[in-house]
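Okay, structure first, notes after.
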2 protein chains.
Amino acid sequence: MRTVDPVKHAAKKRHITDTAAGLFAEKGFDRTTVADICKAADISTGSLFHYFPTKRAIFREIFEQDGKDNAEILARAGELSPWDGVLMVIDHLCVPALDRSVAGLVLEVVAQASRDPELWELVARNEQAVRDELAVLLQRAHDAGQIKLPVSARTAATWAQGLVDGLYGRLVDPDFDATAQVSTLRLILSRFVGAQAP
Amino acid sequence: MRTVDPVKHAAKKRHITDTAAGLFAEKGFDRTTVADICKAADISTGSLFHYFPTKRAIFREIFEQDGKDNAEILARAGELSPWDGVLMVIDHLCVPALDRSVAGLVLEVVAQASRDPELWELVARNEQAVRDELAVLLQRAHDAGQIKLPVSARTAATWAQGLVDGLYGRLVDPDFDATAQVSTLRLILSRFVGAQAP
DNA sequence: GTCTATACTTGGATAGAC
DNA sequence: GTCTATCCAAGTATAGAC
């Protein structure tokens, strides 16, 4: 008979990652201390290190969850008409941008990933999966005559992601209205790949 | 009679910022220690703090220099035909992306700026100047019939910057060839604003 | 002006009682 | 499993000799 309740264990881990995510987004990874997290989560350091071996491990856990969410969306996009699928994936990628507090986290993960190989691998695999699926959808849309690609499907997919990055980059400007700009993003992408005006 | 030679003083400051910039790009701001900088620049900590009050001040100095370079380019762009001016500014913004080591520095400044008000002000002023000039050039190009803007000149200018951000975001992918992709960036922008294919 | 040595602070992680 | 107390390392910045 096990003494640990796996459900409770997972719930507590989740509580810690959720709390930490807010702090990382606000102050950045390096400037958020373990003490900060413990205080916010209302636990002791001893307890925190019972659940996670290091501070970095907490950070990684946050993005592992994110990868699983993504995979689900990609699967659903494959069921639509190709171009609609592309737009759906793009819309989904833009969702976090609409929540101000999440934006800081995205900037942080990019900055950290280039120096943390394990985190990098996680992020890269995730981006790769999105890019591959976008490339497939774009090629299909092209073959079906919905769009007319001026570059390879792969390059187009890369730039679709680049446009989303551009959206995130602009978020640091307090005057930038992300919600309104998502439609401009769609317009730019549509014109790029020769789709009908949306 | 002054005991300090202002030329030598400036040269030494420059030596420190150049050395530090390389380290910041490679390891990030927070993970680069003052000791690291001193070792690489071959000076002592005492000496370093004679030239800069804090570590952050070194970081800021790097980007102050950058702002001055930018202002010069913007002035020259105003002398060309409007659309050529736009393309020249964009090309200039892309130059740092071609140097791998500088890319890390760009990611770092974005991550840091949201938490350092003084640095933020520096970066924001710089971006604002670029955006204003781009908006003016785009509007003139539109009025001259070189392009046909589907959105306000200001929004278009913002997205021109967003595209450049997208380029930087893709740099973390080791397979991404920045040099080749600058032309794709120009294609996307051209189609967006209804310019002749370049 | 530049160095060496070091004071002072903070932070990540651990030990051991309960 | 959770806490308190604490260790040890690293980091910024300063003091004071030269």
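Naming: A, B, ... by sequence-line order, numbering from 1 per chain.
- The base of C:dT14 sits with one of its N or O atoms less than 3.5 Å from a complementary donor or acceptor on the side chain of A:Thr45.
- OP1 or OP2 of C:dG1 has not a single side-chain nitrogen or oxygen of B:Ser47 nearer than 4.0 Å.
- You'll find the side chain of A:Ile73 stays beyond 4.5 Å of the side chain of A:Val130, heavy atoms only.
- Look at A:Arg125 and A:Glu121 and you find a salt bridge, because one of the NZ, NE, NH1 or NH2 atoms lies within 4.0 Å of a carboxylate O, short of that distance.
- For B:Phe63, the ring pair (Phe, Tyr, Trp, His ring centres under 6.0 Å) partners at least two apart in sequence or on another chain are B:Phe59.
- With hydrogens and angles left out, the side-chain atoms of A:Asp177 and A:Gln181 include no donor and acceptor closer than 3.5 Å.
- Applying the side chain to side chain donor-acceptor pair (under 3.5 Å) test to A:Gln161 and every residue at least two apart in sequence or in another chain returns A:Arg131, B:Arg170.
- Listed by residue number, the members of residues 48-59 of chain A with any heavy atom below 4.0 angstrom from DNA chain C are A:Phe49, A:Thr54, A:Lys55.
- At its two ends the helix from C:dG1-D:dC18 to C:dC18-D:dG1 runs along axes set 10° apart, each axis drawn from five pairs and the angle rounded to 10°.
- With a 6.0 Å radius and a threshold of 12 heavy atoms from other residues, nucleotides or ligands, B:Gln128 has its CD atom above the threshold.
- A donor-acceptor pair shorter than 3.5 Å cannot be found between the side chains of B:Gln65 and B:Glu61.
- Within a heavy-atom distance below 4.0 Å of DNA chain C, the residues of residues 28-44 of chain A found are A:Thr32, A:Thr33, A:Val34.
- A straight line from CD1 of B:Ile16 to P of C:dT2 spans 9 Å, rounded to a whole angstrom.
- Checking side-chain atoms of A:Thr17 against main-chain N and O of A:Lys13 turns up a donor-acceptor pair under 3.5 Å.
- Summarising the geometry, atom CZ belonging to A:Arg76 is positioned 9.5 Å from atom CG belonging to A:Leu80; distances are rounded to the nearest 0.5 Å.
- OP1 or OP2 of D:dT2 sits under 4.0 Å from a side-chain N or O of A:Lys12.
- Residue contacts for B:Lys8: at a heavy-atom cut-off of 4.0 Å it reaches no nucleic acid atom on any strand shown.
- Without hydrogens or angle criteria, B:Thr158 side chain to B:Arg154 main chain gives a donor-acceptor distance under 3.5 Å.
- Pairs engaging residues 21-37 of chain B under the salt bridge (charged side-chain N to carboxylate O under 4.0 Å, His left out) rule: A:Asp30-B:Arg31, A:Arg31-B:Asp30, B:Lys27-B:Asp36 [sequence neighbours left out].
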